[in-house]
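Per chain, numbering begins at 1; letters A, B, ... match sequence-line order. Here the structure is a predicted model, which is why all the values come from computation and not from measurement.
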There are 2 protein chains.
Amino acid sequence: MLLTPEQLRRHFQERGLKFTSQRYAIYRALAGSTEHPSVEDLYSTVKASYPTLSMNTVYNTLESLKEIGIASEISLWHDKARFDANQASHHHLVCLRCKKIEDLYDDTLDRLALSPKAKHRYRITGHRVEFHGYCSRCKPKMNKPQKRR
Amino acid sequence: MLLTPEQLRRHFQERGLKFTSQRYAIYRALAGSTEHPSVEDLYSTVKASYPTLSMNTVYNTLESLKEIGIASEISLWHDKARFDANQASHHHLVCLRCKKIEDLYDDTLDRLALSPKAKHRYRITGHRVEFHGYCSRCKPKMNKPQKRR
DNA sequence: TCCTAAATAAGAATAATTACTATTTACCAC
DNA sequence: GTGGTAAATAGTAATTATTCTTATTTAGGA
Ligand SMILES: [Mn+2]
Ligand SMILES: [Mn+2]
Ligand SMILES: [Zn+2]
Ligand SMILES: [Zn+2]
């Protein structure tokens, strides 16, 4: 499961990215955890063996790992909070580029439930489904990232 | 759909909260939009009619509206980014209090798809399902909010 | 071994959110 | 209606997460 340094090096080099020991250490910290760590978590962990590590390197490495496709960001919405007064049961269709959010009504999605075996772990209060993609305006520019608003 | 001032006043007073004209204006701005606005969006909109409005009041009002149950925050994860190196298709079980994230494997969830009518609006690249609730440690303290880490 | 572009580290800048405090106001009791 | 009081507001400062800037170091190719 955990990639060896040489395997990871290959991934980086295929994308024209350089392979560094910091990058491997950060990868190892992320892949070795089931905690879905934050940047700060990874920084603290890796800092122990790389005392001069900077936050910037962690952010930078995570971007690269995402690009390569061996890590992902769970939190689509960490940039700013978004609110909704529509309390009807519904879900969302989200544009990854312009952050537009459209409502999505679908009974099947409303009725999803946890499998019985998983159910007793948590006291569930709800669920959400988000479909991600590119809206009609953004489809043509999928690869040109948009600046912050 | 849009609550009248008197209806909204009732909601506030049932919870022992005071009803103010700012609060109604913010509610109106939120409920009158389909854009899933950010705090900044609401601030700008309402500021036009309340030139002395402060951000604080917008945050404060949104908290109250959430408490009352007539608005919700779409973005669970806006506080800080969280990462995952597990690229196997899976979903998440999230504790609303301690922010713990557990993996959830479920074929049914993996296979969700948009209804054909919705499908052509977006170029869909994926979807996620998040179940929310309280983990076993947090169940007993559901009402005692946790301080930031 | 050398060159060069990319990565790193350190720190500054920005953006979103939260905290603090003086003033104002909603609402309750009279 | 008037007054008292706790809560809400406005204005500002502080904090936190993220992004940017720049000088220095280094990976990887020639
Ligand atoms: Mn919605
Ligand atoms: Mn996961
Ligand atoms: Zn878009
Ligand atoms: Zn918990």
Just the rounded figure in Å: distance from [atom2] of [N] to [atom1] of [X].
X        : N       : atom1 : atom2 : result
Asp41(A) : dA17(D) : CG    : C1'   : 13 Å
Asn60(B) : dA19(C) : CG    : P     : 12 Å
Arg10(A) : dG28(D) : CZ    : C1'   : 16 Å
Tyr50(B) : dT25(C) : OH    : C1'   : 13 Å
Leu62(B) : dT17(C) : CG    : C1'   : 12 Å
Arg82(A) : dA16(C) : CZ    : P     : 12 Å
Glu67(B) : dA7(D)  : CD    : P     : 13 Å
Lys80(A) : dT16(D) : NZ    : P     : 21 Å

Q | Phosphate contact (dA27(D) OP1 or OP2) by Arg9(A) side-chain N/O below 4.0 Å | A | no

Main-chain N/O of [Y] paired with [X] side-chain donor or acceptor, under 3.5 Å:
X         : Y         : value
His127(A) : Leu109(A) : yes
Arg82(B)  : Lys99(B)  : yes
Ser33(B)  : Ala29(B)  : no
Tyr27(B)  : Leu3(B)   : yes
Arg23(B)  : Lys18(B)  : yes

Q. Does anything in residues 34-63 of chain B pair up under ring-ring contact (aromatic ring centres under 6.0 Å, His included), and if so which pairs, sequence neighbours excluded?
A.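 Residue pairs passing ring-ring contact (aromatic ring centres under 6.0 Å, His included), neighbours aside: His92(A)-His36(B).
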
Q) Quick one: do Glu130(B) and Arg128(B) make a salt bridge, cutoff under 4.0 Å? A)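 Salt bridge between Glu130(B) and Arg128(B), a charged N being under 4.0 Å from a carboxylate O: no.
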
Q: Mind running a 4.0 Å heavy-atom check of residues 51-59 of chain B against DNA chain C and sending the residues that fall below it, in number order?
A: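 Asn56(B), Tyr59(B), in order of number.
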
Q. Can Ser38(A) and Asp41(A) be counted as having a side-chain donor-acceptor contact under 3.5 angstrom?
A. yes

Q. In degrees rounded to 10°, what angle is found between the helical axes fit to the five outermost pairs at each end of the helix from dT1(C)-dA30(D) to dC30(C)-dG1(D)?
A. 40°

Q) Which pair of heavy atoms, one from Gly69(B) and one from Gln87(A), lies closest together, and at what distance? A)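 Looking at all heavy atoms of both residues, the shortest contact is O-NE2, 3.1 Å.
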
Q.
Going by the rule side-chain contact (heavy atoms from CB on, under 4.5 Å), which residues pair with Thr4(A) if we only count those two or more places apart in sequence or in a different chain?
A. Glu6(A), Gln7(A)

Q) Looking at DNA chain D, which of residues 12-26 of chain B put a heavy atom within less than 4.0 Å of it? A) Leu17(B), Lys18(B), Thr20(B), Gln22(B), Arg23(B)

Q: Any chance you could pull the hydrophobic cluster mates of Met1(A), using side-chain heavy atoms under 4.5 angstrom and chaining through other members?
A: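 Besides Met1(A), the cluster holds no residue at all.
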
